[in-house]
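Have a look at the structure below, then the notes.
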Amino acid sequence: VLRVNFVTSIDGAAAVDGLSAGLSGEADKALFRLLRRECDALMVGAGTFRTENYKPLRLDEERRAWRVAHGLPAYPRLVLVSRTMCISAASPALAEAPVRPLILTTGDADPRDLATVAEVVRCADLRSGVAQLRRLGLEHILCEGGPHLFAELSKEDLVDELCLTVSPLLAGPGAGRITAGEPHAPRPMRLSRVETAEDGTLLLRYARRRDS
Ligand SMILES: NC(=O)c1ccc[n+]([C@@H]2O[C@H](COP(=O)([O-])OP(=O)(O)OC[C@H]3O[C@@H](n4cnc5c(N)ncnc54)[C@H](OP(=O)(O)O)[C@@H]3O)[C@@H](O)[C@H]2O)c1
């Protein structure tokens with residue numbers, strides 16, 4: 001399964017002042033933690049990794065115990081997707097990761113000192129990249145964005161599920177949507193789950209409809 005998780009405002013913004021934090025309330029944070037508990041790989045685009053200043057992955061004891069009880073390693077593996085590999089090897093999310101992160105790259109950029117903190121996996125495109133992840137046993141992939149990576153995955157029709165949190169907020173004009181970059185063919189989805197939090201946050205889950 002490749003699951004993508006995003007939060008948006010009612011009027012479709014994917015960020016407030018360039019970050020998703022201003023959109024994310026308690027219900028979204030709880031979902032975020034829950035989704036991280038279940039995956040083999042936590043995939044993130046280099047743009048989001050850089051702007052959101054990703055921290056080293058930490059799961060509390062309860063979630064680690066849940067994973068182990070379900071036959072998973074204590075931590076998922078961070079998979080960073082980049083063409084340029086303009087990523088600092090000193091970034092704590094890499095240097096202090098509980099499991100050696102993986103950098104999936106479609107380019108031929110020099111990894112420099114990144115190879116000391118992460119495994120660099122080269123692929124021709126995201127389709128073959130995801131296939132390589134699966135061969136490494138990373139079956140359940142949770143992608144936390146961002147918009148360019150989401151569009152690239154969707155262009156290749158690799159997205160099986162979208163978890164979308166709609167925050168009760170009008171963010172106003174300016175911010176981008178949860179998808180960005182090159183247009184691709186529309187992908188029909190089926191609404192598979194709806195939950196409403198007390199503060200009016202809507203938690204939606206959509207599955208890719210492949211019968212059409
Ligand atoms: N609302 C939400 O839930 C949410 C979630 C995530 C992010 N965001 C927001 O989104 C913004 C960042 O957006 P973004 O679109 O720049 O982020 P992004 O999609 O995470 O990053 C784009 C970068 O990912 C790499 N990439 C994407 N497709 C690739 C491919 N096919 N092959 C190799 N590398 C690929 C490239 O990295 P290189 O440049 O290194 O080559 C590209 O520049 C921030 O404002 C963040 O707050 C919002």
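In each ligand, atom 1 is the first atom listed, and ligand 1 is the first ligand listed. Here, residue 1 is the first one in the sequence, and each next residue gets the next number. We use all heavy atoms of the structure for the numbers below, so side chains are in, but hydrogens, waters and symmetry mates are not.
- Distances below 4.0 Å separate heavy atoms of Ser20 from the following atoms of ligand 1: 1 (N), 2 (C), 4 (C), 47 (O), 48 (C).
- Under the 4.0 angstrom criterion for non-hydrogen atoms, Thr8 is not in contact with ligand 1.
- Using a 4.0 Å cut-off to heavy atoms of Val7, the atoms of ligand 1 that qualify are 1 (N), 2 (C), 3 (O).
- Those atoms of ligand 1 that come under 4.0 Å of a heavy atom in His148, given as number and element, are 14 (P), 15 (O), 16 (O), 19 (O), 22 (C).
- Leu31 has its side chain out of reach of Glu195: every pair of non-hydrogen atoms, C-beta onward, lies at least 4.5 Å apart.
- We find that Arg77 and Glu119 are joined by a salt bridge, their nearest charged nitrogen and carboxylate oxygen being less than 4.0 Å apart.
- Counting the atoms of ligand 1 from 1 in the order shown, those under 4.0 Å from a heavy atom of Gly146 are 6 (C), 7 (C), 17 (O), 18 (P), 19 (O), 20 (O).
- Heavy atoms only, all atoms of each residue included: Ser167 and Val7 are closest at OG-CG2, 3.6 Å.
- Close approach to Glu52 involves these atoms of ligand 1, each under 4.0 Å from a residue heavy atom: 46 (C), 47 (O).
- When the options Ser9, Pro147, Ala109 are ranked by their closest heavy atom to atom 8 (N) of ligand 1, first place goes to Pro147.
- Atoms of ligand 1 lying under 4.0 Å from any heavy atom of Leu149, numbered from 1 in the order shown and given with element: 19 (O).
- Atoms of ligand 1 lying under 4.0 Å from any heavy atom of Thr51, numbered from 1 in the order shown and given with element: 44 (C).
- Near Glu144, meaning under 4.0 Å from one of its heavy atoms, ligand 1 places the atoms 5 (C), 6 (C).
- Between the side chain of Lys29 and the backbone N or O of Ser24 there is at least one donor-acceptor pair closer than 3.5 Å.
- The shortest heavy-atom distance from Leu19 to ligand 1 is under 4.0 Å.
- Ligand 1 has a nitrogen or oxygen under 3.5 angstrom from a nitrogen or oxygen of Arg50.
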